[in-house]
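Down below is the structure, laid out as structure tokens.
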Amino acid sequence: MGPPLASAPDTSGAGQLYQIHVASGRWGNGIGSVLHAVFLGYLADADLPLGLIEVWERNTRALAFHPRHGWQPDGGSRPGPGDSRYLFLRLDPVENLR
């Protein structure tokens, strides 16, 4: 996690979650949710009102995980491997606390 990797006009005041990686043998034990909570703490500590992430469209586990934690597609994407895309998602942590 850290500052957005790509500069765009609407990424000021944003932090980017670069990756959550949990070993496959540990899936389903809440580790991803704990790591996600660390990212939320980062946003709060840095007073950043927006979270960003890019998710590979073939990563079905991530595409299920992130919306459960409040992430929404922003409609953007960029090329990925093998004729696929990385999908851009956004998180408004304040909205998720309501």
Side-chain angles (χ1 to χ4, degrees):
M1 69 185 117
L5 295 176
S7 65
D10 59 349
T11 60
S12 64
Q16 185 165 350
L17 179 57
Y18 303 138
Q19 182 182 58
I20 290 179
H21 181 82
V22 178
S24 60
R26 300 288 189 188
W27 290 350
N29 291 308
I31 297 168
S33 293
V34 169
L35 294 172
H36 186 266
V38 171
F39 177 69
L40 293 178
Y42 162 76
L43 292 177
D45 291 347
D47 198 28
L48 297 170
L50 178 66
L52 305 172
I53 191 169
E54 298 179 9
V55 178
W56 187 38
E57 69 182 356
R58 295 183 185 167
N59 186 342
T60 57
R61 290 188 67 84
L63 290 173
F65 175 88
H66 292 294
R68 285 195 313 265
H69 288 82
W71 293 84
Q72 299 294 320
D74 79 354
S77 67
R78 68 176 178 85
D83 286 330
S84 67
R85 310 283 305 165
Y86 287 103
L87 308 176
F88 300 161
L89 306 180
R90 290 178 174 258
L91 176 70
D92 178 352
V94 173
E95 282 293 317
N96 289 320
L97 295 175
R98 292 184 185 154

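Basis for what follows: all heavy atoms, side chains included, without hydrogens, waters or symmetry-related copies. For this chain, numbers begin at 1 and follow the sequence in order. It should be emphasised that the depicted structure is a prediction, and the values quoted were computed from it without experimental measurement.
Remark: side-chain polar atoms of Arg58 are paired, donor with acceptor, to backbone N or O of Gly82 under 3.5 angstrom. At least one donor-acceptor pair under 3.5 Å links the side chain of Asn29 to the backbone N or O of Arg26.
When the side chains of ILVMFWY residues are joined at heavy-atom separations under 4.5 Å, either directly or via intervening members, Leu87 and Trp71 end up in a single hydrophobic cluster. The hydrophobic clustering, which links ILVMFWY residues whose side-chain heavy atoms are closer than 4.5 Å, places Phe65 and Tyr86 apart. Trp27 and Trp56 sit in two unconnected hydrophobic clusters of ILVMFWY residues. Membership requires side-chain heavy atoms under 4.5 Å apart, directly or through other members. Taken together through direct or relayed side-chain contacts under 4.5 Å among Ile, Leu, Val, Met, Phe, Trp and Tyr, Phe39 and Leu89 form part of one hydrophobic cluster. Leu50 and Tyr18 fall into different hydrophobic clusters, where Ile, Leu, Val, Met, Phe, Trp and Tyr are joined by side-chain heavy atoms under 4.5 Å apart, directly or via other members.
Between Ile53 and Leu17, the closest heavy-atom pair is CG1-O, 3.2 Å. Of all heavy-atom pairs spanning Pro49 and Gly13, the tightest one is CD-O, 2.8 Å. The nearest pair of heavy atoms linking Val55 to Ala62 is CG1-CB, 3.6 Å. Between Ala14 and Leu52, the shortest heavy-atom distance links the atoms CB-CD1, 3.8 Å.
Classified by interplanar angle (parallel below 30°, tilted 30° to 60°, perpendicular above 60°), the ring pair His36/His69 is tilted.
Here the CD-CZ distance, from Gln16 to Arg90, works out to 10.5 Å after rounding to the nearest 0.5 Å. Atom CG of Leu48 is separated from atom CG of Leu40 by 12.0 Å, given to the nearest 0.5 angstrom. Rounding to the nearest 0.5 angstrom, the gap separating the CD atom in Glu54 from the CZ atom in Arg85 is 10.5 Å. Of the inter-residue distances, the one linking Ile20 atom CD1 with Arg61 atom CZ reads 12.0 Å to the nearest 0.5 angstrom.
At least one side-chain heavy atom of Val38 sits under 4.5 Å from a side-chain heavy atom of Met1. The shortest side-chain heavy-atom distance between Gln72 and Pro67 does not fall under the 4.5 Å cut-off.
Shown here is Asp47, whose CG atom has no more than 12 heavy atoms of other residues, nucleotides or ligands within 6.0 Å.
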